[in-house]
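Here's the structure we're looking at; comments come further down.
Keep in mind the model is a prediction, meaning the values are calculated, not measured. In what follows, chains carry the letters A, B, and so on, assigned in the order in which the sequence lines appear, proteins first and then strands, with residues in each chain numbered from 1.
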Amino acid sequence: MRLSQYFLPVLREVPSEAEIASHKLMLRAGMIRQASAGIYTWLPLGFRVLKKVEGIVREEQDRSGAIELLMPTLQQAELWRESGRYDAYGPEMLRFKDRHEREMLYGPTNEELITQVFRGAAKSYRDLPRILYHIQWKFRDEIRPRFGVMRGREFLMKDAYSFDMSVEAARHSYNRMFVAYLRTFARMGLKSIPMVAETGPIGGDLSHEFIILADTGESQVFCHADLLDTPIPPADVDFGSDLTPHIAPWTRHYAATDDKHDEGRFAAEVPQNKRVSARGVEIGHIFFFGTKYSEPMGCRVQGPDGNMVSVQSGSYGIGVSRLPAAIIEASHDDAGIVWPVPVAPFEVGLVNLKPGDKAADRACEGLYARLEGAGVSVLLDDTQERPGGKFATMDLIGLPFQLIVGPKGLKGGEVEIKDRKSGARTTASPEAAVKRLVGEVRAQRILA
RNA sequence: CGGGGCAUAGCUCAGCCUGGUAGAGCACCUGCUUUGGGAGCAGGGGGCCGGGGGUUCGAAUCCCUCUGCCCCGACCA
């Protein structure tokens with residue numbers, strides 16, 4: 001992509017509406033614009049990141065054996081009356097009527113809808129187990145949206161729903177999502193920690209919130225420091241096998257959010273020098289709820305013994321549109337964003353310091369073609385802005401690598417590579433630079 | 001929903017108290033100069049001062065009202 005033909009409205013100053021780093025940076029880097037309170041337009045640069053994040057979520061869901069479908073954003077009230085949630089859900093559910101005066105709602109979640117779909121299609125124990133998921137926009141009319149897309153009213157969410165014959169089988173489905181989540185977040189460069197969460201009326205230990213540590217997190221969290229360096233399950237993990245060996249290392253140490261925190265246990269189970277007390281952002285939540293919806297909504301299948309049984313279910317959410325902000329919270333500096341390669345909107349920022357200069361133009365066109373040819377995504381700054389401004393913009397939008405080309409360097413047959421994260425700058429011949437960048441980008445695309 | 005605040009150019013803000021007909025910096029356009037970490041000079045474009053009503057000879061400014069947005073709290077993927 002050529003910057004001269006792109007749509008990247010960067011801001012030099014911080015809009016007064018923004019409070020936290022990720023919100024400020026997303027506005028400044030031309031990733032988002034607010035449409036109304038808690039509702040955002042994703043500008044081209046932000047949209048590319050959102051797509052990357054969504055892609056990783058999808059890959060790991062698929063890898064775990066979950067099956068993608070797509071449910072609508074609009075639902076009818078009637079369905080929610082079946083589960084009893086239409087009246088139970090508060091004013092954060094957006095309700096309205098269509099032209100026929102039918103009561104409708106913009107879905108805040110999809111348990112009812114998926115249960116309706118599943119009960120109409122699954123009749124036998126042979127149709128189980130299944131995990132179905134979709135990635136769709138949701139709306140929750142939060143009293144007070146804030147922090148940009150971190151806590152918007154409209155948000156993109158991956159939600160999966162599992163269907164099993166027994167609680168034991170459901171536990172395995174739960175574990176599949178547990179492992180998928182660990183991999184998903186690690187691939188984005190995030191250190192997520194599963195923390196014990198409220199299980200509601202079901203009880204047991206089948207609910208975890210996946211938290212990343214960030215100073216601007218909305219809740220206080222407590223955990224064992226070793227969890228931060230626990231190994232991620234490998235890409236070739238067999239999801240059909242017993243997954244507890246992959247999960248045990250993550251559940252053996254203390255980890256809880258403030259509402260579940262037990263100071264006494266924390267002190268007893270975690271050595272003083274291993275106690276982590278920090279702010280955290282919730283990026284995922286997995287939850288087993290048994291027959292909460294299948295029972296009232298009549299989602300039953302016939303077992304091998306001929307008896308009808310209500311299916312055992314769980315739901316598993318990931319706040320997709322919140323993740324770009326969460327990643328920025330975890331990865332930025334004073335100059336701007338520092339994208340991990342797997343979610344970077346472009347992998348290389350190619351800076352032509354002097355467009356119009358024949359040598360610089362020719363060199364940039366060649367480098368651009370060769371990098372793109374090697375499958376590396378490039379944003380070529382071919383604008384007339386001055387060098388200082390170009391550097392500042394590149395640092396702000398946070399592309400992992402900058403390839404800087406100017407007449408001076410070219411006289412000596414050199415271009416410069418800057419690593420955005422370390423700030424390290426090295427020179428190389430154009431040929432060597434391409435080779436190194438292609439190698440680095442490919443190596444860093446896979447973080448887990 | 002309670003409490004507080006804000007609304008003037010694309011962004012950050014001044015002007016309002018004490019009414020007199022629109023400002024600055026950055027951004028943008030033109031020219032010259034400049035060109036390796038947000039340059040300089042000169043010229044220029046852009047705002048029914050959030051909407052409506054009122055007071056007044058006259059309202060960005062005073063009064064009433066509506067709307068939107070932000071912050072603190074309770075709530076929250």
Side-chain angles (χ1 to χ4, degrees), chain A residues 9-20 23-24 27-28 30 33-39 57 89-93 107-111 135-160 181 185 192 197-198 207-212 217-219 257 259 280-287 315-323 325-326 334-336 351-357 360 381 383-396 402-412 414-416 418 423 425 427:
Chain A
V10 299
L11 299 173
R12 194 157 167 177
E13 296 185 71
V14 184
S16 54
E17 70 203 59
E19 190 80 356
I20 64 172
H23 190 192
K24 290 177 183 170
L27 289 167
R28 287 193 55 211
R33 283 291 182 275
Q34 178 166 301
S36 71
I39 301 176
V57 169
Y89 226 95
E92 69 175 24
M93 181 153 78
T109 177
N110 288 56
E111 280 84 3
I135 299 174
Q136 177 63 292
W137 291 91
K138 307 263 188 298
F139 192 90
R140 291 182 193 171
D141 200 356
E142 300 287 344
I143 295 167
R144 188 153 99 82
R146 68 181 116 173
F147 303 151
V149 295
M150 189 77 94
R151 201 176 142 197
R153 294 194 293 169
E154 186 184 53
F155 56 97
L156 186 62
M157 181 176 177
K158 185 286 299 183
D159 41 323
Y181 277 35
F185 300 132
S192 73
E198 289 292 341
S207 180
H208 285 87
E209 288 180 14
F210 285 72
I211 302 279
I212 61 162
E218 66 257 73
S219 51
T257 57
D259 49 330
V281 175
E282 181 183 351
I283 52 178
H285 194 168
I286 58 177
F287 193 84
S315 63
Y316 314 88
I318 290 179
V320 176
S321 55
R322 159 181 276 200
L323 279 167
D334 290 344
V351 181
N352 185 343
L353 288 176
K354 194 169 183 181
D357 178 275
D381 186 346
T383 65
Q384 294 298 325
E385 202 181 350
R386 298 171 54 79
K390 295 189 174 194
F391 293 136
T393 297
M394 277 297 166
D395 285 350
L396 172 64
Q402 294 170 21
L403 181 53
I404 300 159
V405 179
K408 284 186 189 172
L410 286 173
K411 273 188 187 134
E414 288 182 331
V415 295
E416 183 178 290
K418 175 177 168 178
R425 291 187 286 180
T427 55

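Scanning both residues, A:Asn110 and A:Lys138, for their nearest heavy atoms gives OD1-CE, 3.3 Å. The two residues A:Ile283 and A:Ala326 come nearest to each other via the heavy atoms CG2-CB, 3.9 Å.
Applying the 3.5 Å distance criterion, the base of B:C76 shares no donor-acceptor pair with the side chain of A:Arg322.
Taking the P atom of each, B:U12 and B:A27 are spaced 15 Å apart, rounded to whole Å. The separation of B:U8 from B:U34, taken at their C1' atoms, amounts to 35 Å, rounded to a whole angstrom. Comparing the C1' positions of B:G40 and B:C48 gives an interatomic distance of 37 Å, to the nearest angstrom. Remark: the separation of the P atoms in B:C16 and B:G4 is 25 Å, to the nearest Å. If you take atom P in B:C66 and the same atom in B:G3, they sit 15 Å apart, rounded to whole Å. Only the C1' atoms considered, B:G15 is 10 Å distant from B:C49, to the nearest whole Å. When the C1' atom is compared between B:A60 and B:G38, the two are found 33 Å apart, to the nearest whole Å. Rounded to whole Å, the C1' atom of B:C64 lies 24 Å from the corresponding atom of B:C70.
No donor-acceptor pair closer than 3.5 Å links the side chain of A:Arg153 to the backbone N or O of A:Glu142. In this structure, the side chain of A:Ser321 does not engage the main chain of A:Phe155 through any donor-acceptor pair within 3.5 Å. A donor-acceptor distance shorter than 3.5 angstrom exists from the side chain of A:Lys158 to the backbone of A:Tyr316, with no hydrogens or angles considered. A:Lys390 contributes no side-chain N or O that, together with a main-chain N or O of A:Leu353, makes up a donor-acceptor pair within less than 3.5 Å.
For the residue pair A:Gln136/A:Asp159, the side-chain donor-acceptor check at 3.5 Å is not satisfied.
Tested against A:Val415 for a side-chain contact (heavy atoms from CB on, under 4.5 Å), the candidates A:Thr427, A:Leu410, A:Val351, A:Ile404 yield a single pass: A:Leu410.
Which of B:G25, B:A77, B:G73 sits closest to the side chain of A:Phe155 comes down to B:A77. Ranking B:C76, B:C72, B:C11 by closeness to the A:Arg140 side chain, first place goes to B:C76. Here the nucleotide nearest the side chain of A:Gln34, chosen from B:G25, B:A77, B:C69, is B:C69.
Pairing for B:C32 is with B:G40, a Watson-Crick or G-U wobble pair whose two hydrogen-bonding atom distances lie under 3.5 Å. Across all strands shown, B:U67 is found opposite B:A7 as a Watson-Crick or G-U wobble partner, with both distances under 3.5 Å. Using N1 to N3 plus N6-O4 or O6-N4 for Watson-Crick, or N1-O2 and O6-N3 for G-U wobble, each under 3.5 Å, B:A22 pairs with nothing. With both pairing distances under 3.5 Å, B:A60 is matched to nothing as a Watson-Crick or G-U wobble pair. The pairing partner recorded for B:C1 is B:G73, the criterion being a Watson-Crick or G-U wobble arrangement whose two distances lie under 3.5 angstrom.
In this structure, the CZ atom of A:Phe147 is 15 Å from the P atom of B:C75, given to the nearest Å. Between the CG atom of A:Asn110 and the C1' atom of B:A77 there is a distance of 13 Å, rounded to whole Å. Summarising the geometry, the separation between CZ on A:Arg146 and C1' on B:C69 is reported as 15 Å, rounded to the nearest angstrom. For A:Glu13 and B:A24, the CD to P distance is 16 Å, given to the nearest whole Å. One can place CZ of A:Arg144 at 13 Å from C1' of B:C1, the figure rounded to the nearest angstrom. Between the NZ atom of A:Lys24 and the P atom of B:C71 there is a distance of 11 Å, given to the nearest Å. Rounded to an integer number of Å, the gap from A:Phe139 CZ to B:C76 C1' is 13 Å. Taking atom CZ of residue A:Phe185 and atom P of nucleotide B:A77, one finds them 14 Å apart after rounding to whole Å.
Judged as a side-chain hydrogen bond (donor to acceptor under 3.5 Å, both in side chains), and not counting sequence neighbours, A:Arg140 has no contacts.
If you check every strand for non-hydrogen atoms under 4.0 Å, A:Gly152 touches a base. Within the nucleic acid shown, A:Glu17 comes within 4.0 Å of sugar-phosphate atoms alone, with no base atom in reach, counting heavy atoms only. Note on A:Val351: nothing from the nucleic acid sits closer than 4.0 angstrom, heavy atoms only. Residue contacts shown for A:Ser16 are limited to sugar-phosphate atoms, with no base heavy atom under 4.0 Å away.
Judged by closest nucleotide on RNA chain B, A:Ala18 is the one of A:Glu92 and A:Ala18 placed further toward the 5' end. Each of A:Val149 and A:Ser36 was assigned the nucleotide of RNA chain B with the nearest heavy atom; the assignment lying further toward the 5' end belongs to A:Ser36.
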- Once each nucleotide of nucleotides 32-40 of chain B is scored for protein heavy atoms under 4.0 Å, what B/S/- sequence comes out, 5' to 3'? --BBBBBB-
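In this structure, A:His285 and A:Ser315 have side chains that are not in contact, with every pair of non-hydrogen atoms separated by 4.5 Å or more.
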